[in-house]
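This chain uses plain numbering: 1 for the first residue, then up along the sequence. These figures come from a predicted structure and were not determined experimentally.
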Amino acid sequence: MTRSDDYRFMSRTLRLAEGGLCTTHPNPRVGCLVVNNGEIVAEAWHKKAGEAHAEVLALRQAGARARGATVYVNLEPCCHQGLTPPCTSSLIDAGVARVVAAMEDPNPQVSNGGIASLRDAGIAVDVGLMHEQAERLNRGFVHRMRHQRPWVVLKLAASMDGRTATASGESKWITSAASRSDVQRLRAKTSAILAGSGTILADDPALTVRLAGFDRQPLRVIVDSHLTMDANARVLTQPGEVVIYTALADGAQADRLTQAGADVVHLPAPKGRVDLEAILADLAARGVNELLVEAGRTLSGTLVRQALVNELILYLAPHVLGDVARGMFRLPGIEQLSDRVEFTIGDVRRVGPDLRLSLYP
């Protein structure tokens, strides 16, 4: 197999893995290709946590043709018993000759263990081909394993002069229907959606994915330091789970929200507000890989100020609202240019009449 063949087959493997973009949480997205004598004899991707992994599905499809074959996978095969048996055992039993993995698994239960098991069984293993693309595909899972917090994406919609609502608070709609549809696809790829109690009180959002045929609702997360939200809020009437983080040890109000279906979690509260880092740590423990934040200027500003945002996705509509309209961030203390918060533009694209920017701190 030539180096160009390896690139071609790994590219195909990564595209297969994208089949699980919206469904594998909390597991990583993994694709697998079985190639024998230069011919693809099987291909598969992991579809859902608790179901067979990509390697097992591909090996079943390949049957006897897996013996002596090369297997391409975008993540190191697992070597531990979880909801499913270890993939390394299946690869060894199938008699494959070589495994090409794009990257090591950052999960401490696996990291290098799967590679070592395969090599101990006499299987040739190459690691690192298209590593950057593989890590980008699973950046939420990778970030959670390395830092014990989710990959935080802050989503904002604004006018060209950076305003998210009029002075009176009217915000429907700042951007176009095309951008709102794009946000639905963004929601579908995330493990959880977070909003502040101010957004819940002002807009009463559902925070759900409204796409045809989509049957998984991300975890809905509310930051409500003083338990001000109503137990009849729309977010509590939708399918799926809701967790509310609070600084207030108010048994009666917490009970009302619990009876409405929420998991109310009391966390440390420096200066009377819930510790955002503690929220992220708890969400990571719940298996949240990617967290999409749809919040107002106060919570958005706090997340940016505390350097907790990994990516900012900004939808800009081609109109202006003027200097008395509401801004994107509440960031007190910035009086000089040297105090500014800087981002790098990673991607710019057109969405209907709007612009969508992806920015990174």
Side-chain angles (χ1 to χ4, degrees), residues 14 16-31 45-51 53-54 73-78 80 82-84 87 101-111 114 131-155 183-195 207-209 211 214-223 240-243 245 263 265 276-295 303 307-313 346 358 360-361:
L14 286 162
L16 286 168
E18 290 175 357
L21 270 174
C22 301
T23 61
T24 64
H25 309 273
N27 288 357
R29 296 122 181 181
V30 180
W45 68 91
H46 179 49
K47 295 178 176 63
K48 189 177 180 180
E51 296 184 1
H53 288 188
V73 64
N74 58 291
L75 190 69
E76 174 184 359
C78 66
H80 67 293
L83 295 176
T84 58
C87 291
M103 63 176 290
E104 297 171 1
D105 192 332
N107 185 346
Q109 290 183 293
V110 179
S111 187
H131 177 279
E132 184 178 342
Q133 295 91 324
E135 186 158 323
R136 188 184 308 123
L137 176 65
N138 280 308
R139 60 189 176 187
F141 176 78
V142 171
H143 197 265
R144 176 166 69 91
M145 289 297 161
R146 289 178 180 166
H147 305 288
Q148 291 73 58
R149 65 173 58 167
W151 178 269
V152 177
V153 178
L154 175 60
K155 185 275 294 181
V183 170
Q184 290 298 314
R185 292 187 288 272
L186 188 63
R187 285 181 176 183
K189 296 175 185 177
T190 61
S191 308
I193 304 168
L194 180 146
L207 298 181
T208 53
V209 178
L211 293 175
F214 189 84
D215 61 1
R216 180 193 69 85
Q217 287 299 334
L219 175 69
R220 298 188 295 284
V221 181
I222 313 300
V223 181
E241 299 177 57
V242 178
V243 58
Y245 291 105
D263 178 10
V265 179
L276 294 177
E277 292 194 42
I279 288 176
L280 296 181
D282 188 72
L283 289 174
R286 292 170 183 259
V288 171
N289 292 328
E290 293 104 355
L291 176 66
L292 178 65
V293 179
E294 300 190 18
L303 286 164
L308 298 177
V309 174
N310 300 108
E311 180 179 9
L312 170 60
I313 294 183
S358 297
Y360 301 91

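At least one side-chain heavy atom of Ile279 sits less than 4.5 Å from a side-chain heavy atom of Leu276. Proximity of Val183 to Glu294: side-chain heavy atoms (C-beta onward) are separated by under 4.5 Å at one or more points. Counting heavy atoms from C-beta on, the side chains of Val288 and Arg144 never come closer than 4.5 Å. In this structure, Glu277 and Leu308 have side chains that are in contact, with non-hydrogen atoms separated by less than 4.5 Å. The shortest distance between side-chain heavy atoms of Leu280 and Pro150 falls below 4.5 Å. Counting only heavy atoms from C-beta outward, the side chains of Val242 and Leu207 never approach each other to under 4.5 Å. Asn27 is listed as a side-chain neighbour of His53, based on a closest heavy-atom distance under 4.5 Å. Annotation: side chain of Asn74 is in contact with side chain of Val30 (closest heavy-atom distance under 4.5 Å).
Across every non-hydrogen atom of Leu16 and Trp45, the tightest pair is O-CB, 3.2 Å. Summarising the geometry of Leu14 relative to Gln133, their closest heavy-atom pair is CD1-CB, 3.9 Å, with the distance given to 0.1 Å. Residues Pro26 and Phe141 come closest through the heavy atom pair O-CD1, 3.8 Å. Of all heavy-atom pairs spanning Ser191 and Asn289, the tightest one is OG-N, 3.1 Å.
Just one residue in the list Asn310, Leu292, Leu194, Val293 forms a side chain to side chain contact (heavy atoms under 4.5 Å, CB included) with Leu154, and that residue is Val293.
Rounding to the nearest 0.5 Å gives a distance of 9.5 Å between CZ of Arg29 and CD of Glu18.
At distances below 3.5 Å, not a single donor-acceptor pair connects side-chain atoms of Thr24 with backbone N or O atoms of Lys48. With Glu76 contributing its side chain and Ala101 its backbone, the two residues share no donor-acceptor pair below 3.5 Å. In terms of modelled atom types and a separation under 3.5 Å, the side chain of His25 and the main chain of Pro218 share no donor-acceptor contact. Side chain of Arg220 to backbone of Ala192: no donor-acceptor contact under 3.5 angstrom is found. Of the possible polar contacts, one joining the Arg216 side chain to the Ala188 backbone as a donor-acceptor pair under 3.5 Å is found.
With respect to the salt-bridge test (charged N to carboxylate O, under 4.0 angstrom), the residues Arg139 and Glu135 do not qualify. Arg149 and Glu290 are not joined by a salt bridge, as no carboxylate oxygen comes within less than 4.0 angstrom of a charged side-chain nitrogen.
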Run the side-chain contact (heavy atoms from CB on, under 4.5 Å) check on Lys155 and Leu186 step by step: do they pass? CA-CA 9 Å; Lys155 185 275 294 181; Leu186 188 63; 4.1 Å; yes
Derivation of the side-chain contact (heavy atoms from CB on, under 4.5 Å) call for Val221 and Ile193: CA-CA 6 Å; Val221 181; Ile193 304 168; over 6 Å; no
Intermediate values then yes/no, side-chain contact (heavy atoms from CB on, under 4.5 Å), Val153 and Leu312: CA-CA 6 Å; Val153 178; Leu312 170 60; over 6 Å; no
What's the verdict on salt bridge (charged side-chain N to carboxylate O under 4.0 Å, His left out) for Asp263 and Arg286, showing C-alpha distance, side-chain angles and the deciding distance? CA-CA 12 Å; Asp263 178 10; Arg286 292 170 183 259; 3.0 Å; yes
side-chain contact (heavy atoms from CB on, under 4.5 Å) for Ile222 and Tyr245? Distances and angles first, verdict last. CA-CA 6 Å; Ile222 313 300; Tyr245 291 105; over 6 Å; no
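The aromatic rings of Tyr360 and Trp151 sit tilted relative to each other, their planes meeting at an angle between 30° and 60°.
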